[in-house]
Amino acid sequence: MIEIVNLKKSFDEKIVLRNVNLKVYDGEKLVIIGRSGCGKSVLLKNILNLMQPDRGYILVDQVPIKKVSQRDLFYLRKQFGFLFQGSALFDSMTVAENIALPLVEHTDLSPKEIKIQVAEKLEMVGLPGIENLKPSELSGGMKKRVALARAIIMNPKYVLYDEPTTGLDPIMAANIDHLINELNDRLNVTSIIVTHDMQSVSRIADRVVMLHMGMIMFEGSVEELHTTDNPIVYQFVHAKMDGPIQPKPLKY
Amino acid sequence: MIKFIESIGYRTLSFFQEAGAVFIMVWRVFKYLSEVWRNRSLVFQQMLEIGVRSLPLVIFVGVFAGAVASVQTAYQLEGYISFNYLGAATSIAIFIELGPVLTALVAAGRVSASIAAEIGTMKVTEQIDALEALAIDPLRYLAMPRILSGFIMVPILTIFADFVGLLGAYFVAYLNLGLSPEIFFGSVKEFFTIMNVMSGLIKAFVFGGVTAIIGCHVGFGTEGGAEGVGKSTIRAFVLSSALILLNDYLLSVLLF
C-alpha cells in the first residue's frame, strides 16, 4: 500500500500540492484527474522520490521513501514501473536495449534469457519483432507501448502511468487502456494513472481522485464522479466552459 | 547601493553553491570507481567517444600547433641563437604547454560540449528521471564512465599531440631552414627530460578530468527544452576552457 500524508510541494512562490492525503490500496487502479498543471505529475514523481516534498511524507509498504538510504531507495524503486508522459526512451539504444536495461543492471540473467523476456513483454504490448528499431523510428503510440514494456520488465508491484493516452488516437488510447487493465489482471499490479482523458477514466478506474488547486477535490468511484453535484468536478468531467473553473489558470 | 551589495552577495553564494555541487558530484562519482569492472563496457564506450573519435582533430591541431611553434621560435632565435637549438626550444614548448593545453581545449570544445548536450537532452526529455525510476544512478551510469575516460584519454591524446606536433615542427623547420633531422631531433634529444613530458601529462590529466566533470555538471543542471540544451553546451565549453587556462597557470606554478 502507498500512503501519502500531508504532502506539500511548491516551486518558488507557486504552491503545486498542499496537504495532499491519499491511500492507494494493493491491486487497485487509482486514476488521478485534474487540469493541466494541477500537480498530478508532480505527485507521481514524489511517490518515486524523483522530487522531494517540501512537507509531508510518503509511505511505500510502510517505508518512508524520503528518508531511506540511496541503496534502500533503489530497492524500493525496483518495485515500481513508471510510464513517462513523453515515454523517455533512451535515444541511443534500440528498443530491445531499452527494455532490457533494468534486467542487465539488476539481475544475473544470461543474454539469452533477457532476450526471451524482452520478446515476451513486446508480445504483451502488441509489438512483437521490433527489437532492433531505434526510438526515433517509432510512432508516438509505439513509443508509449515500448516504454510500458520497459516499465513492467521487472514485474513490478506498482505501475505509475503519467498521461498514458495523451497525444494518441482514440483507437490507440483504447488499446493502451486495455493493456493497463490486462496488466492489472495478469500481473496483479497496483496502478496509479494520471490522466485527463475522461474516456480512459471510465474504462480503467476502480477509484478516481480529482486534484484541484493543489488539493484533493473529489474521491470516489466512476459512478460517483459522474453523479456528483460538486460544480468544479461536474464542469471538469462534462468539459463545460461555464463554471467555477476559469479558462485561464488561477494564481494559487 | 544595497541592491549592488545584494547582487554581489547573491553571486558569491551562487558561486559557492555551484562549486559545492561540483565537489559533491565528483565525490559521489569517485565512490563508484570501485564498480569500474562491472561498468567496463560503458567506460570503453566513452573512451572510444572521448579519445579515439577526438584523435583526428587532435592530430590536425597538433601538427599545425607544432608548425606554428617552429616558425615563431625560429623568428625569435634569428640573429641571437643558432637554429641548431630550434628542435629543443620547440619541443619543450610542445611538451610543457602546447600539447596538453591545445589538446584539452580541443577536448573542451568537442567533449565537454557534447557531454553537456547529451546529458542535457536526456535531462529535459525525462531520460535522467527514467534512469532514476529504473533504480539506476545516473552518476554511475552516465557521469562515472565519462569522467574516468576524460582523466585517462586526454593524456593519451596529448602524447599523440606531442608526437605529431614535433613532426609538424620539424617539417616546417626543414622547409624554411633546411634543417636536417639529425640536427633538429639531436637537439630535441640533448635537452629532453622526462620531467618535461610528465609535467605536460600531469596537466593533461587534470584538464581531461576538469573537461568531463564540467560537461557532466552542466548537463545535469540543464533546464527548459532545446534552448536550455543550447545554453548548457555553450556554458560547458566556456567554463571548461576557462578552468583549463586557470589550472594551467596553477599547475605551472606548482610544477616548475
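Please read these numbers as outputs of a predicted model, since none were measured by experiment.
Checking N49(A) against E132(B) by side-chain atom types alone, no donor-acceptor pair falls below 3.5 Å.
For the atom pair CG of L101(A) and CG of L134(B), the computed distance is 6.0 Å after rounding to the nearest 0.5 Å. In this structure, OG on S92(A) lies 6.0 Å from CE on M122(B), to the nearest 0.5 angstrom. How far CD of E105(A) is from CG of L131(B): 8.5 Å, rounded to the nearest 0.5 Å.
Within a 6.0 Å radius of CD in E227(B), no more than 12 heavy atoms belonging to other residues, nucleotides or ligands are found. Sparse packing is recorded around NZ of K231(B), with 12 or fewer heavy atoms of other residues, nucleotides or ligands lying under 6.0 Å away. Within a 6.0 Å sphere centred on CZ of F74(A), heavy atoms belonging to other residues, nucleotides or ligands number more than 12. A 6.0 Å sphere centred on CZ of F11(A) holds more than 12 heavy atoms belonging to other residues, nucleotides or ligands. Shown here is R40(B), whose CZ atom has more than 12 heavy atoms of other residues, nucleotides or ligands within 6.0 Å. Within 6.0 Å of the CD atom in E223(B), the count of heavy atoms belonging to other residues, nucleotides or ligands does not exceed 12.
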| request: Start with the C-alpha gap between D137(B) and Q70(A), add the side-chain angles, then the distance that decides, and say whether side-chain contact (heavy atoms from CB on, under 4.5 Å) holds. | output: CA-CA 9 Å; D137(B) 189 351; Q70(A) 192 190 41; 2.9 Å; yes

| request: Might you work through the side-chain contact (heavy atoms from CB on, under 4.5 Å) test for D129(B) and L48(A), ending with a clear yes or no? | output: CA-CA 10 Å; D129(B) 276 347; L48(A) 261 188; over 6 Å; no

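We find that E126(B) and K45(A) are joined by a salt bridge, their nearest charged nitrogen and carboxylate oxygen being less than 4.0 Å apart.
In this structure, the portion of L89(A) lying under 4.5 Å from any heavy atom of chain B is its backbone and not its side chain. Interface remark: F82(A) contributes side-chain atoms only to the contact with chain B (heavy atom separation under 4.5 Å). Neither the backbone nor the side chain of I128(B) comes within contact range of chain A; no heavy atom of the residue lies under 4.5 Å from a heavy atom of that chain.
Taking every heavy atom of both residues into account, F90(A) and A130(B) meet most closely at CZ-CB, 4.1 Å.
Proximity to chain B among residues 139-155 of chain A is limited to R150(A), judged by heavy-atom separations below 4.5 angstrom.
Taking R38(B), Q127(B), E118(B) one by one and counting their heavy-atom pairs under 4.5 Å with chain A, the maximum is reached by Q127(B).
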